[in-house]
Amino acid sequence: MVNLIGTYECKADVKGRLTLSASLKKQLSPILQDGFVLKRSVFQPCLELYPMAEWTLLMTKVNKLNRFVKKNNDFIRRFTAGVKTIELDNSGRLLIPKDLQNFAGISKEVVLSSALNIIEIWDKEKYEKAIDDATVDFADLAEDVMGNVTDADHELS
């Protein structure tokens, strides 16, 4: 499992190519040759870039769903809508297909934000708005999500 760190700003060229920062490329270097999967986010107007190993783990869970249950079938169809396999080109750039650029509203200014084991790809303006909106109730959210989390060595609550 990969744990990515950092938030990076970059620019998309007219074809939708992003040049990854040296720091992010270094974190990804052990897995670059495996490629990535790029998809629409379920909850936000952004894209999610999955290292192939992470995508495979996720698909193992999704493949356990019974496709003869309509809501499962509907979920799988929507979850995988627009999914693309992606590799960096010889110049170390990532090409975002036009349909996914349109979904996320990506034009020029872009933010790549690590989200543990994946990278979220945002239009910069939408990213800043999402962060500002979340700030208002982040303390409550943090308490709800992490307030009762425990581990074997240390209780956080």
Side-chain angles (χ1 to χ4, degrees), residues 1-13 16-65 75-76 78-97 100-101 103-106 109-157:
M1 176 182 262
V2 65
N3 283 311
L4 301 166
I5 299 170
T7 300
Y8 308 91
E9 292 186 17
C10 62
K11 293 186 186 323
D13 68 14
R17 294 177 298 202
L18 308 175
T19 300
L20 301 182
S21 72
S23 175
L24 187 54
K25 253 195 256 187
K26 184 176 179 181
Q27 290 181 63
L28 294 172
S29 65
I31 56 173
L32 278 178
Q33 72 282 354
D34 298 333
F36 301 90
V37 171
L38 186 63
K39 70 174 286 303
R40 301 170 185 184
S41 173
V42 173
F43 299 108
Q44 298 289 341
C46 70
L47 304 175
E48 297 171 341
L49 184 69
Y50 286 78
M52 192 57 74
E54 296 294 330
W55 181 255
T56 300
L57 286 172
L58 181 57
M59 287 299 96
T60 299
K61 293 176 184 175
V62 172
N63 279 328
K64 292 178 181 174
L65 296 174
F75 167 79
I76 292 167
R78 289 186 176 152
F79 185 76
T80 59
V83 168
K84 308 275 192 293
T85 57
I86 302 287
E87 293 181 3
L88 274 82
D89 68 12
N90 292 334
S91 300
R93 296 174 300 194
L94 188 74
L95 174 65
I96 300 176
L100 294 177
Q101 286 179 50
F103 170 82
I106 291 172
E109 301 291 324
V110 179
V111 173
L112 304 175
S113 179
S114 62
L116 303 176
N117 60 345
I118 66 169
I119 297 168
E120 293 180 339
I121 302 174
W122 289 82
D123 168 76
K124 184 178 177 183
E125 196 173 297
K126 289 182 180 184
Y127 176 77
E128 289 174 356
K129 183 177 180 345
I131 294 299
D132 287 347
D133 289 350
T135 303
V136 175
D137 52 17
F138 184 68
D140 290 338
L141 178 63
E143 184 176 2
D144 288 348
V145 172
M146 298 299 293
N148 293 317
V149 172
T150 61
D151 64 27
D153 299 325
H154 182 256
E155 189 168 316
L156 298 174
S157 60

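Side chains included, hydrogens not; waters and symmetry mates left out as well; all remaining heavy atoms used. None of these values were measured; they are calculated from a predicted model.
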Output the distance between atom [atom1] ([X]) and atom [atom2] ([Y]), rounded to the nearest 0.5 Å.
X: Glu109; Y: Glu125; atom1: CD; atom2: CD; value: 10.5 Å
X: Cys10; Y: Ile121; atom1: SG; atom2: CD1; value: 8.0 Å
X: Glu48; Y: Asn117; atom1: CD; atom2: CG; value: 9.5 Å
X: Leu58; Y: Asn63; atom1: CG; atom2: CG; value: 9.5 Å
X: Glu120; Y: Ser41; atom1: CD; atom2: OG; value: 6.0 Å
X: Thr19; Y: Lys11; atom1: OG1; atom2: NZ; value: 11.5 Å

For [Y], does its backbone N or O pair with a side-chain atom of [X] as donor and acceptor, under 3.5 Å?
X: Gln27; Y: Leu4; result: no
X: Glu54; Y: Ile118; result: no
X: Ser114; Y: Gly6; result: yes

Exercise. Can you tell which of Ile5, Leu112, Thr7 makes a side chain to side chain contact (heavy atoms under 4.5 Å, CB included) with Leu24?
Worked result: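 Only match with Leu24 under side chain to side chain contact (heavy atoms under 4.5 Å, CB included): Leu112.
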Would you name the heavy atoms of [X] and [Y] that are closest together and state the gap between them?
X: Thr85; Y: Met52; value: CG2-CE, 4.2 Å
X: Leu94; Y: Leu88; value: CD1-CD1, 4.3 Å
X: Pro97; Y: Lys84; value: CG-CG, 3.8 Å
X: Trp122; Y: Ala130; value: CH2-CB, 3.7 Å
X: Lys25; Y: Ser91; value: NZ-O, 4.3 Å
X: Asp13; Y: Arg93; value: OD2-NH1, 4.4 Å

For this session: On the 0 to 90° scale, with breaks at 30° and 60°, tag the Trp55-Phe79 ring pair as parallel, tilted or perpendicular.
Result: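 Aromatic pair Trp55/Phe79 classed parallel.
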Exercise. Looking at side-chain heavy atoms only, is the closest gap between Asp89 and Leu95 below 4.5 Å?
Worked result: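 The answer is no, as the side chains (C-beta and beyond) never meet within the 4.5 Å cut-off.
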For this session: Would you check if Leu28 and Phe36 make a side-chain contact, meaning some heavy-atom pair closer than 4.5 Å?
Result: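 Yes, their side chains come closer than 4.5 Å.
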Problem set entry | Stepwise side chain to side chain contact (heavy atoms under 4.5 Å, CB included) check, Thr80 with Val62 | CA-CA 10 Å; Thr80 59; Val62 172; 5.8 Å; no
Problem set entry | Neighbour count above 12 (heavy atom, 6.0 Å) for Glu87 CD |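 Count not over threshold, so no.
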